[in-house]
Amino acid sequence: MFSGVPFSGGQREAFRHEASKGSGSLPADATWLERLVRYAERDDLLLYVTAFIGVIMPALVYVLYHKAHSKKEQERLEEEAERRVVTIFYGSETGKTERLAEILADEMEDYSPPIVNMASIDPEDFKTYKGVGLFLISTRDNGKPPESVEWFMEWMDDVDSKTKRKANFRHIRFCIFGVGDSRFGPACYNKAAKILSRRLRSLGAKPLCAMAFADEKRSTEIDEQLRCWSDDVCEVLEDYITGGRSGRQKGTTTESEYDSEDAKREKEALFSKFLSLRRRRRSRT
Ligand SMILES: Cc1cc2nc3c(=O)[nH]c(=O)nc-3n(C[C@H](O)[C@H](O)[C@H](O)COP(=O)(O)O)c2cc1C
């Protein structure tokens, strides 16, 4: 019986036929699924199919996982790159602030910031901006912003009242340098810069540093006042760009700090002190 003589081809076929009969012929009312399974069982088809799935599925899962992961990583890198973009926005009535914007761009050449006149901002582009905005804005008659920029200020107010949420500009970080003259009185002094700051914050944008005001009344030239500010900004920017990914970074001013009148006065006083110290140091050399 166990002579090792293999079955002949005819015997094997007959055996298979018997086996298939033995596994039970399907009842007449068998469902299509049962028929399909029975059909697949024949000639080891089911075995091949399951073996194939067993090999292919893990490979497929691996490929899909890898693809999803690398897409996420790419998105993260793109977001990071957008966060590092620095743009100088200016609003100017007679051109002085525009000139300051050019000086600032030179001072910050490491960041190669483009200079954008706020009068020609595209609102749709601005809505998707995720970088740092350095805003330079002057104030004209009775605390008004430059005429060419009025629409932008109103648009920000409008977006705010329409969306009623702070999501839109939450990625934007900003620093503001107001250009004005304190001889126009405290109510009007650098009022446009103050309004701009309020509007940006009400839309969710976050200040990176305390607002600074150039005062034409000071004996220090406004160019020099700007240069002092840009030194501060460079430091804060470096912190921001190389530092934490979100929330408060070193040098970031929280809203409450920013809002506090005392803090503002203190910073103004410090800025003036800093300017006169620097002036004295320069005159000595
Ligand atoms: C007619 C006139 C009105 C001004 N009104 C204000 C004012 O209300 N508040 C303020 O801080 N500065 C005021 N300033 C000072 C300007 O903001 C300052 O001269 C500034 O450098 C102008 O910059 P710009 O040429 O970029 O607009 C006024 C200047 C002029 C000539």
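For ligands, and for the atoms within them, numbers begin at 1 and follow the listed sequence. A quick note: this is a predicted structure, and the numbers were derived from the prediction, not measured.
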| task | May I ask whether atom 16 (C) of ligand 1 is less than 4.0 Å from at least one protein heavy atom? | result |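 Yes, there is a protein heavy atom closer to it than 4.0 Å.
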
Output the list of atoms in ligand 1 that are nearer than 4.0 Å to some heavy atom of [X], sorted by atom number.
{"X": "G143", "value": "8 (O)"}
{"X": "E93", "value": "24 (P), 26 (O), 27 (O)"}
{"X": "G180", "value": "10 (C), 11 (O), 12 (N), 17 (O)"}
{"X": "Y189", "value": "11 (O)"}

Heavy-atom distances under 4.0 Å are what count here, so tell me which part of [X] touches ligand 1: side chain, backbone, both or neither.
{"X": "R140", "result": "backbone"}
{"X": "E216", "result": "side chain"}
{"X": "L100", "result": "neither"}
{"X": "N190", "result": "backbone"}

| query | Considering residues at least two apart in sequence or located in another chain, which fulfil the salt bridge (charged side-chain N to carboxylate O under 4.0 Å, His left out) criterion with K96? | reply |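 K96: salt bridge (charged side-chain N to carboxylate O under 4.0 Å, His left out) contacts with E216.
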
| Taking only residues two or more places apart in sequence or in another chain, which ones pass salt bridge (charged side-chain N to carboxylate O under 4.0 Å, His left out) with E147? |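 Expected list: none.
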
| query | Within less than 4.0 angstrom of ligand 1, does P146 place any heavy atom? | reply |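 Contact check P146 vs ligand 1: negative.
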
Shortest protein heavy-atom distance from [atom], along with the residue and atom involved:
{"atom": "atom 1 (C) of ligand 1", "result": "D141 OD1, 3.3 Å"}
{"atom": "atom 9 (N) of ligand 1", "result": "C188 O, 3.1 Å"}
{"atom": "atom 25 (O) of ligand 1", "result": "T94 OG1, 2.2 Å"}
{"atom": "atom 13 (C) of ligand 1", "result": "T139 O, 3.2 Å"}

Short N/O distance, under 3.5 Å, between [X] and ligand 1?
{"X": "E98", "result": "no"}
{"X": "D181", "result": "yes"}
{"X": "I222", "result": "no"}
{"X": "F184", "result": "no"}

So do [Y] and [X] actually touch side chain to side chain, heavy atoms under 4.5 Å?
{"X": "D223", "Y": "L100", "result": "yes"}
{"X": "D231", "Y": "R227", "result": "no"}
{"X": "T97", "Y": "I137", "result": "no"}

| query | Will you find, in the side chains of T139 and Y189, an N or O donor that is under 3.5 Å from an N or O acceptor? | reply |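 Per modelled atom types, T139 and Y189 side chains form no pair under 3.5 Å.
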
Same cluster or not: [X] versus [Y], using hydrophobic residues (I, L, V, M, F, W, Y) connected whenever any side-chain heavy atoms lie under 4.5 Å apart?
{"X": "L196", "Y": "V159", "value": "yes"}
{"X": "V116", "Y": "L203", "value": "yes"}
{"X": "L36", "Y": "I53", "value": "no"}
{"X": "Y129", "Y": "F135", "value": "yes"}

| query | For the residue pair Y62 and H66, does the interplanar ring angle fall in the parallel (under 30°), tilted (30 to 60°) or perpendicular (over 60°) class? | reply |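 Taking H66 first and then Y62, their aromatic rings lie parallel (interplane angle under 30°).
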
| field | Nearest candidate to atom 24 (P) of ligand 1, where distance is taken over non-hydrogen atoms, out of A101, S138, G91 | value |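 Shortest heavy-atom distance from atom 24 (P) of ligand 1: S138.
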
| said: Here's one to test your reading of the geometry: is the NZ or CZ of R83 within 45 degrees of the ring axis of Y240 and under 6.0 Å from its centre? | reply: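 Cation-pi check for R83 and Y240: passes.
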
